[in-house]
Amino acid sequence: MSTVLVNVRYEPFTLPGNDMEAGLLVSLVLFLLQPSQHTEVVIIHDYTLPGVNKLVESFSERWAATTILTATPAPDLSQLLVALTSFHTNDLRYMVLLCSANTTWTVFDMVSRHNLESRRVRWLVVGEDPYLADTLLYSVREGSMVGLTKRTTSDIYKIYSSYINHNNQMRFQEVGTWTGSNESRLRHPLFPDIVKLYRDFLGRELVTSAVTHMPFIQVKILKNGTKVAERGIDVSIINTLSSHLNFTYRVMVPADRKWGVVQEDGTVTGMVGDVHYRRAHLAVNEITITDSREAVVDFSYPYFFDTTSIVSRGPTEKTRSLAIFHPFSFLVSVHVVIR
Ligand SMILES: *[C@@H]1O[C@H](CO)[C@@H](O)[C@H](O)[C@H]1NC(C)=O
Ligand SMILES: *[C@@H]1O[C@H](CO)[C@@H](O)[C@H](O)[C@H]1NC(C)=O
Ligand SMILES: *[C@@H]1O[C@H](CO)[C@@H](O)[C@H](O)[C@H]1NC(C)=O
């Protein structure tokens, strides 16, 4: 089921002679979204892209679940927030951005500030602003999946997909070319399956937040200040993960040396805070999964259950609906103990 979230505010606007442009854009976007009936699409546009008004019109006609947000003169951030947080199902949501680099920056800046990266949101950025790719590289954070098109000649587009490289930097890789003909194929998926994607971290160095807590983990601090996970059950686990998933790791200790809670003012402390604020990619320890922690980080499958306790999983869908999702924090957590 899909809902239209906000009123369509469509302002008729004609650029002479842009019907062909519009036709191309419609086919390109349809090809890249490969729409299924369970997909919701939110189109955010300003009027900088030739043909965009026709595209918008055509989309709202053919796709009931389309929401149109105009970004002129600036994107309405409260509407955007609604579009990004009102998830009622497990469906994917496509956000199609047809904007100047400037507006695109504003949108992703808001996503970062509200921690709205989500694996259920896929961003498709189509535009002709020469600064678009650079803008994305410094405004998109890990956790947002972004597809980008770049026009090379009048009807050939190169298609790129975002990924995090071995130096932990956001980059785009070419996944195919679109020529407008039916034979256009992508060599790699525009939005790769996140579970497959994170089977190979490309040798990245992940920062792991930890505090000493035996028998799970002992963190040793060397003379030069370097922290090393010395021994414990969790050290074996993370070493195994690191060789299977192709990453190395560096240990940090949270300033307060605590597990972490979500405080009344919304700030998050301890190891949970390190992950939430992205100082660390993951935390490893005996960490109890609670509703409030689940609202700010993701937990891996629990691998330790306290035999003397009753374990019950919180209502994950409720918190997931806030779309607070760092895909790499699958690894986070670790043990479930309900005391
Ligand atoms: C981009 O946005 C900033 C801040 O809103 C504004 O000052 C600037 O003029 C904009 N630049 C362009 C090229 O529109
Ligand atoms: C691990 O990452 C390195 C560096 O990116 C890469 O060369 C290598 O093929 C990867 N190893 C595996 C087993 O995937
Ligand atoms: C600290 O010392 C360890 C062990 O001698 C060494 O491996 C590491 O590179 C040093 N780190 C720094 C930042 O100097």
Practice problem: Taking the side chain as every heavy atom from C-beta outward, state whether Y198 and L245 have any pair of such atoms under 4.5 Å apart. | Solution: no

Quiz item: Taking only residues two or more places apart in sequence, or in another chain, which ones meet R113 in a side chain to side chain donor-acceptor pair (under 3.5 Å)?
Solution: D109

Quiz item: Do T72 and H45 have side chains that get closer than 4.5 Å, going by heavy atoms?
Solution: no

Quiz item: Under 6.0 Å between ring centres, would you say that holds for Y131 and W105?
Solution: no

Practice problem: Kindly indicate whether the side chain of V29, heavy atoms from C-beta on, has any atom under 4.5 Å from the side chain of L124. | Solution: yes

Self-check item: Counterpart residues, side chain to side chain donor-acceptor pair (under 3.5 Å), relative to D193 (two or more places apart)
Solution: none

Practice problem: Spell out, yes or no, whether V207 and F299 are grouped together once hydrophobic residues are joined by side-chain heavy atoms under 4.5 Å, including indirect joins. | Solution: no

Quiz item: Looking only at heavy atoms, what is the nearest atom pair of M271 and S209, with distance?
Solution: CG-OG, 3.4 Å

Quiz prompt | I217 versus V211, closest heavy-atom pair with distance | solution = CG2-O, 3.3 Å

Quiz prompt | Closest heavy-atom pair and its distance - S144, V111 | solution = OG-CG1, 4.1 Å

Practice problem: Look at the aromatic rings of W178 and F31 and report parallel, tilted or perpendicular, splitting at 30° and 60°. | Solution: tilted

Quiz item: With a 4.5 Å heavy-atom cut-off, do V268 and Q263 have their side chains touching?
Solution: no

Quiz prompt | Among I44, V125, L55, the one residue meeting side chain to side chain contact (heavy atoms under 4.5 Å, CB included) with L98 | solution = L55

Self-check item: Worked verdict on V261 versus V272 for side-chain contact (heavy atoms from CB on, under 4.5 Å)
Solution: CA-CA 7 Å; V261 292; V272 177; over 6 Å; no

Self-check item: Side-chain heavy atoms of T149 within contact of K158, under 4.5 Å
Solution: no

Practice problem: Using a 4.5 Å cut-off on heavy atoms from C-beta on, say whether the side chain of R141 contacts that of N115. | Solution: yes

Quiz item: How close do F191 and V146 get, heavy atom to heavy atom, and via which atoms?
Solution: CE2-C, 4.1 Å

Exercise. Report the C-alpha distance between I43 and V56 in whole Å, list the side-chain angles of each, state the deciding distance to 0.1 Å, and finish with yes or no for side-chain contact (heavy atoms from CB on, under 4.5 Å).
Key: CA-CA 8 Å; I43 293 183; V56 165; 4.2 Å; yes

Quiz item: Under 3.5 Å, is there a donor-acceptor pair linking the side chains of T103 and S100?
Solution: yes

Practice problem: Under the side-chain contact (heavy atoms from CB on, under 4.5 Å) rule, what do R278 and E117 come out as? Steps first, then yes or no, please. | Solution: CA-CA 12 Å; R278 296 181 178 233; E117 286 82 5; 3.4 Å; yes

Which donor-acceptor pairs under 3.5 Å do side chains of residues 247-256 form with protein atoms, sequence neighbours excluded?
{"unit_1": "Y249", "atom_1": "OH", "unit_2": "N239", "atom_2": "OD1", "d": "2.6"}
{"unit_1": "R250", "atom_1": "NE", "unit_2": "E205", "atom_2": "OE1", "d": "3.1"}
{"unit_1": "D256", "atom_1": "OD1", "unit_2": "K258", "atom_2": "N", "d": "3.0"}
{"unit_1": "D256", "atom_1": "OD2", "unit_2": "G270", "atom_2": "N", "d": "3.2"}

Quiz item: Do V41 and V96 come close enough that some side-chain heavy atom pair is under 4.5 Å?
Solution: yes

Quiz item: So do E174 and I159 actually touch side chain to side chain, heavy atoms under 4.5 Å?
Solution: no

Quiz item: Minimum heavy-atom separation for T177 to I156, with atom names?
Solution: CG2-CG2, 3.5 Å

Quiz item: Crowded around R171 CZ? As in, over 12 foreign heavy atoms under 6.0 Å?
Solution: yes

